[in-house]
2 protein chains.
Amino acid sequence: MSITSDILRGHTEAIILAHLLEQDSYGYQINKDIMKKTDNRCELKEATLYSAFRRLEQAGYIRTYWGDEKVGARRRYYSITEEGRRAYQVYKREWEEAKAAIDKLLK
Amino acid sequence: MSITSDILRGHTEAIILAHLLEQDSYGYQINKDIMKKTDNRCELKEATLYSAFRRLEQAGYIRTYWGDEKVGARRRYYSITEEGRRAYQVYKREWEEAKAAIDKLLK
DNA sequence: ACAAGATACCTCGTCTGTCAAGGTATATTT
DNA sequence: AAATATACCTTGACAGACGAGGTATCTTGT
């Protein structure tokens with residue numbers, strides 16, 4: 001069973017930042033990683049992903065640069081900024097709180 | 001800190017059903033209960049609540065009737081149906097899965 | 001007596017994130 | 001030569017949340 005987008009909603013940015021915390025990456029790869037890590041239960045659709053990238057960049061949480069692939073399609077890499085790291089900590093704490101609250105409500 | 005609506009989104013219906021599992025209730029009361037149970041961290045806004053009621057009724061998960069208050073404002077009560085109970089179990093399982101998945105993604 | 005606040009219901013229109021559908025280009029496999 | 005995988009992107013529609021507004025009743029403080 002896959003996880004509905006309404007449940008994932010609001011976590012997209014945190015999920016992306018969490019990935020960039022480990023290492024710089026690019027859209028296609030991030031997408032694949034998320035699916036793999038969750039046994040295909042979470043899938044961020046491309047359009048969703050790219051709009052999240054725009055928001056994160058706008059907010060100054062990520063920076064972007066083009067990879068220098070000699071071969072194959074070009075890749076746009078993303079890296080997390082200091083501000084992004086701080087934002088991630090907030091997202092993370094929000095998640096912990098939300099988790100506790102929802103657990104209390106869904107007995 | 002309060003929980004953003006984007007994080008709560010997708011759980012509204014489950015939260016309402018969970019309440020009706022315990023006992024029949026009405027909008028205003030449900031709203032208060034949710035806030036109390038979560039120390040004011042979760043607040044479903046009225047408009048949100050009522051639109052969820054409409055959806056749940058449409059889906060056949062809840063039934064509604066007017067209370068017979070002799071005094072005070074009239075109350076519209078909601079009660080969960082058998083179908084609603086089954087739906088709740090699905091919502092609940094979805095939540096457990098989503099929780100596990102997001103926990104994996106937000107290290 | 002009157003105002004303010006709490007209880008209780010509701011609707012309309014706006015906003016925002018998701019995503020289906022469409023597009024481009026390159027490399028590899030059949 | 002066609003299909004598949006990699007890799008990027010945009011547009012427009014949709015759905016859920018909610019701010020702002022409304023109605024009516026009862027209680028409390030002054």
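By convention in this document, chain letters (A, B, ...) are assigned in the order of the sequence lines, proteins followed by strands, and residues within each chain are numbered from 1.
Where DNA chain C meets chain A (any atom under 4.0 Å from a heavy atom), the bounding nucleotides read 5' to 3' are C:dT16 to C:dA27.
What separates NZ of A:Lys45 from C1' of D:dG12 is a distance of 17 Å, to the nearest Å. Atom CD in B:Glu43 sits about 14 Å away from atom P in D:dA17, given to the nearest Å. Between the C1' atom of D:dA17 and the CD1 atom of B:Ile34 lies a distance of 14 Å, rounded to the nearest Å. Between B:Arg9 atom CZ and D:dC14 atom C1' there is a gap of 10 Å when expressed in whole angstrom units. With rounding to whole Å, B:Ile7 atom CD1 is found 19 Å from D:dG16 atom P.
Summarising the hydrophobic clusters (Ile, Leu, Val, Met, Phe, Trp, Tyr; side-chain heavy atoms under 4.5 Å, direct or chained), the residues clustered with B:Met35 are none.
Not one N or O on the side chain of A:Thr48 forms a donor-acceptor pair closer than 3.5 Å with the backbone of A:Leu44. A side-chain donor-acceptor contact under 3.5 Å links A:Thr81 to the backbone of A:Tyr61. Panel note: side chain B:Lys37, backbone A:Lys104; no donor-acceptor pair is recorded below 3.5 Å. Between the side chain of B:Glu69 and the backbone N or O of B:Arg75 there is at least one donor-acceptor pair closer than 3.5 Å.
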Which nucleotides of nucleotides 5-10 of chain D have their base under 4.0 Å from a protein heavy atom (B), which only their sugar-phosphate (S), and which neither (-), written as one string 5' to 3'? -BBBBB
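In this structure, A:Asp6 and A:Lys70 both approach DNA chain C, and ranking their closest nucleotides by distance from the 5' end singles out A:Asp6.
Between A:Ile3 and B:Glu94, the closest side-chain pair of non-hydrogen atoms is not below 4.5 Å.
Between A:Thr64 and A:Arg76, the side chains place a donor N or O and an acceptor N or O closer than 3.5 Å (distance only, hydrogens not considered).
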Between A:Arg74 and A:Asp68, is the salt bridge (Lys or Arg N to Asp or Glu O under 4.0 Å) condition met? List the steps. CA-CA 7 Å; A:Arg74 66 202 175 141; A:Asp68 59 346; over 6 Å; no
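Nucleic acid contact class of A:Ser51 (heavy atoms, under 4.0 Å, all strands): base.
A side chain to side chain contact (heavy atoms under 4.5 Å, CB included) with A:Ser25 is found for one member of A:Asn31, A:Ile16, A:Leu20 and no other, namely A:Leu20.
For B:Ser5 and D:dC18, the shortest distance from a side-chain N or O to OP1 or OP2 is below 4.0 Å.
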